[in-house]
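Atoms within a ligand are numbered from 1 in the order they appear, just like the ligands themselves.
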Amino acid sequence: MKTRLYVYTGTGNSLWVARQLALELEETTVQFIPNPPRDFEAEADGVGIIFPVHVWGLPIHVIRFVNHLQVKPETYLYAVAVNAGQVAATLLQLRKLLLTRNLSLASGYSVALPSNYIPWGGPGPIDRQQRLFAEAQEKVKPIAGSILRGEREKVEKGSLWQNILFSSIYKLSFPRICKLDKNFWVDDKCNGCGICSKVCPAKNIAIVNEKPTWLHRCEQCLACIQWCPQEAIQYGKKTARYHRYHHPEVTLQDMLDQARANKA
Ligand SMILES: Cc1cc2nc3c(=O)[nH]c(=O)nc-3n(C[C@H](O)[C@H](O)[C@H](O)COP(=O)(O)O)c2cc1C
Ligand code: SF4
Ligand code: SF4
């Protein structure tokens, strides 16, 4: 079965999961989800969508992609929602969205990795991160097995109360996400290198007078704050004291490749 994995990532966790999955599957290519989207047909027999959970739901980038996705009716379609322990109703939301396009989600899996949501803290101690990497690697194997057998399974989800509560918060916050970049600022460590602008998958950062300016079409992927080599970007008041994070096997070049794919 020819498989294509479409990936969106802020700090590499989802890309790493896609690569782990590709190692287990046959004839698999990994491709970044484009932005701005355009209608395109995914010509593989199997199509996987791999992305981070944002605010207990789908990132806008993934919603736009699904809204333009064209696959043959017989395509085997599945998803992996990469998260920090709270997938909530994200995969149910995806299943519903796909249905609006007459597409059926065969299965949806949750994989937990370190949190990149730095406004709430750092990614946790290294030994915990390593445990999460090992657990995720173990979880990818049975996921790949199910995919290779073409199984149709229930989608993974949180508890009922979590799904109700967190989905309400998602709905309330979703329209405000693009403007949350007003909370970013740079301290005096910024040397004007422009990397934050280059890694942004939304082309949301202009470098003006050698400093980043955010343009209010933010997707909140947090790539800019996490990949700044000087750790000069802050969000609100607390992030100066938190460690930055990106997946250790994902490189800045990977992020530049994603941004380039988005400009194509
Ligand atoms: C804006 C934002 C919101 C997030 N919301 C959640 C969430 O609701 N549940 C969760 O488990 N993790 C949440 N996270 C953490 C990420 O889903 C998690 O760290 C993921 O592995 C990051 O993947 P990436 O490196 O591919 O971007 C959030 C991260 C961001 C940036
Ligand atoms: S990546 Fe960091 S140092 Fe470079 S321009 Fe952006 S904020 Fe400044
Ligand atoms: S401005 Fe930063 S958080 Fe917003 S989309 Fe760009 S890289 Fe992601």
Trainee: Counting backbone and side chain alike, does Cys190 bring an N/O/S atom below 2.8 Å of atom 8 (Fe) of ligand 2?
Mentor: yes
Trainee: At a threshold of 2.8 Å, where the distance has to be below it, does atom 2 (Fe) of ligand 3 have an N, O or S atom of Cys218 nearby?
Mentor: no
Trainee: How far is atom 5 (S) of ligand 2 from the closest protein heavy atom, and which atom is that?
Mentor: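 So the nearest neighbour among protein heavy atoms is Gly194 N, 3.2 Å.
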Trainee: Please determine whether any non-hydrogen atom of Pro114 lies less than 4.0 Å from an atom of ligand 1.
Mentor: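 Pro114: in contact with ligand 1 (<4.0 Å).
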Trainee: Looking only at heavy atoms, is any part of Asp181 under 4.0 Å from ligand 3, and if so is it the side chain, the backbone, or both, or is it neither?
Mentor: neither
Trainee: Anything under 30° is parallel, anything over 60° is perpendicular, the rest tilted; go ahead and classify His247 against Phe133.
Mentor: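 Geometry flag for Phe133 against His247: tilted rings.
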Trainee: Backbone, side chain, both or neither: what part of Val82 comes under 4.0 angstrom of ligand 1, heavy atoms only?
Mentor: both
Trainee: Distance to 0.1 Å, residue and atom name: give those for the protein heavy atom nearest to atom 28 (C) of ligand 1.
Mentor: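 Checking every protein heavy atom, the shortest distance to atom 28 (C) of ligand 1 gives Val53 O, 3.3 Å.
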Trainee: Phe174 vs Tyr170 aromatic rings, parallel, tilted or perpendicular, using cut-offs 30° and 60°?
Mentor: tilted
Trainee: From the options Gly192, Cys196, Ser197, select the one whose nearest heavy atom is closest to atom 1 (S) of ligand 2.
Mentor: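 The residue whose heavy atom sits nearest atom 1 (S) of ligand 2 is Cys196.
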Trainee: Between the candidates Val199, Leu222, Leu215, Ile177, which shows the shortest non-hydrogen contact distance to atom 3 (S) of ligand 3?
Mentor: Leu222
Trainee: Check ligand 1 against Gly12 and write out every atom of the ligand that is under 4.0 Å from a heavy-atom position of the residue.
Mentor: 25 (O)
Trainee: Yes or no on side-chain contact (heavy atoms from CB on, under 4.5 Å) for Asn163 and Lys157, after CA distance, side-chain angles and deciding distance?
Mentor: CA-CA 8 Å; Asn163 297 352; Lys157 56 180 188 288; 4.0 Å; yes
Trainee: Which protein non-hydrogen atom lies closest to atom 22 (C) of ligand 1, naming both residue and atom, and how far is it?
Mentor: Asn116 ND2, 3.4 Å
Trainee: Quick one: pull up CD in Glu156 and CD1 in Ile143 and give me the separation to the nearest 0.5 Å.
Mentor: 6.5 Å
